[in-house]
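See below for the structure under consideration.
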There are 2 protein chains.
Amino acid sequence: MTEPTGARPSSRERILVAAATMLGEDPTARLSVRAVAARAGVSTGSLRHHFPTQHALQEAVLAGIYETVFPGDPIHDTALPARDRLVACLRQILAPAGTGKEARRVWATLYETYLACEPTEEARQAYLALERQMQHRVEYWLSVLGEEGELPRGDNSRRAKFLLTVVNGLMLERALPGAEDLLASETATLFAAADSVLRG
Amino acid sequence: MTEPTGARPSSRERILVAAATMLGEDPTARLSVRAVAARAGVSTGSLRHHFPTQHALQEAVLAGIYETVFPGDPIHDTALPARDRLVACLRQILAPAGTGKEARRVWATLYETYLACEPTEEARQAYLALERQMQHRVEYWLSVLGEEGELPRGDNSRRAKFLLTVVNGLMLERALPGAEDLLASETATLFAAADSVLRG
DNA sequence: ACCTGAACACCGTTCAAGT
DNA sequence: ACCTGAACACCGTTCAAGT
């Protein structure tokens, strides 16, 4: 946080910059201890001193990324209860799925790209990157709530996967026939998922 | 597939049994090459011969789980805890989704029938009937658990919708690329969904 | 074809030792 | 406090060699 003008960046900063750069070059980068340490010109021991665990490092990097990319993220609207904020966030990633005719158009491209036939290696990698990005985003939201004490300790990676599965299911149901009271049942499902995560 | 009576199981079978056993003991087990090979009394090389990649092994195990035929509806197997029974039931409706290539084949027909274009009224009705049937089935399971006092009073219709959304999400993820540890994350998600419902 | 076990190139984490 | 680098206990995959 302290930034001496013109001084050499601290090891901590160098590590975070190195990790962010690597992630910029390849969104699927694994950010291994040795790779990041080497890139930052720092020993693995030093990296571990600042980030006691690999997960701590990845959380710090993600926080940095999403702070700059999504300044108005609803997760930061502390006026609202945690569950409302989490649902608002999930709605954000559900929004591009559209509804009705648009939802089916979205599905058409999704189907052609990833499901129609054995996807090309290129398509596979693209999807994996997308998935990881989503996973990171949800994990970031959970880490914010965790720091506020709104979330019991636990595996946020698993929780994020769970929430994304629910969102995927809702996406599909938006395009499928039926669903008269889509809105109500979607809202109920989102809150059920959020509560499930928030209550451990 | 060939099963010589009384003969020593093939390495392939021993590996699958070992993996399934380990998964039974701990649903979050990572199923590493060496651990599974040791448990099966087989070399890592042999394991790799039958399952050229770690992903291949996990897919085979997953397929094996869903191949096991339940004699009756697992919801009535009162020897097991409620959550295990509910998860077993959900797995039943997830089973026809298949895995890997088969999953994509299933999706192809689903897409052509309901998503490709504005569905015919006939198709719409067919889907609605299917959906209702699923909804009833899940609600029945919940009612059984409710009568045993395993389920707090509440809207079982909403709960069933929630569970079906989760299953839909998992179905989709089976056909999409990626899914490194599909097996573990699918199990975790199913239990999370079951717990969410059982705890209100 | 099936199987072995060593070898390779990676992991994340720990820790005595330095400054 | 900060940093080093070796060491430990794991990974998944490859492969020459056996049967």
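Chain letters run A, B, ... following the sequence lines, proteins first, then strands; residues in each count from 1. Here the structure is a predicted model, which means the values were calculated and not measured.
- Counting any heavy atom pair closer than 4.0 Å across all strands shown, A/S11 reaches sugar-phosphate atoms only and no base atom.
- Under a 4.0 Å N-O distance rule, the pair B/E173/A/K161 does not qualify as a salt bridge.
- Of the charged side-chain nitrogens involved, at least one lies within less than 4.0 Å of a carboxylate oxygen, so that B/E186 and B/R174 count as a salt-bridged pair.
- Across all strands, A/S46 comes closer than 4.0 Å to base atoms (heavy-atom distances).
- The nearest heavy atom of DNA chain D to B/V33 and to B/G45 marks one nucleotide each, and the one closer to the 5' end goes with B/V33.
- Mapping A/T44 and B/T44 onto DNA chain C by nearest heavy atom places B/T44 closer to the 5' end of the strand.
- No hydrogens or angles considered: nothing links the side chains of A/R12 and A/S46 as a donor-acceptor pair under 3.5 Å.
- With DNA chain D read from its 5' end, the first of the two nearest nucleotides for A/L47 and B/R48 is the one closest to A/L47.
- Within a 6.0 Å sphere centred on CD of B/E122, other residues, nucleotides and ligands contribute 12 heavy atoms or fewer.
- The existence of a salt bridge linking B/E118 and A/K101 is excluded, since no basic side-chain nitrogen approaches an acidic carboxylate oxygen closer than 4.0 Å.
- On the nucleic acid side, DNA chain D contacts chain A at distances under 4.0 Å to non-hydrogen atoms, with the end points of that region at D/dC2 to D/dA7.
- Paired regions of DNA chain C, where each region holds three or more successive Watson-Crick or G-U pairs whose two hydrogen-bonding distances fall under 3.5 Å, are C:4-8 with D:12-16, C:12-16 with D:4-8.
- Residues A/L172 and B/V106 are members of separate hydrophobic clusters, defined by side-chain heavy-atom contacts under 4.5 angstrom among Ile, Leu, Val, Met, Phe, Trp and Tyr.
- Backbone-only engagement by A/T53 is indicated by non-hydrogen atom pairs under 4.0 Å involving sugar-phosphate atoms exclusively.
- Side-chain contact, A/Q135 with A/E131: no donor N or O sits under 3.5 Å from an acceptor N or O.
- Side-chain contact annotation: A/R48 with A/Q54, donor-acceptor N/O pair under 3.5 Å present.
- Looking at which nucleotide of DNA chain C each of A/P52 and B/R34 is closest to, the 5′-most match is held by B/R34.
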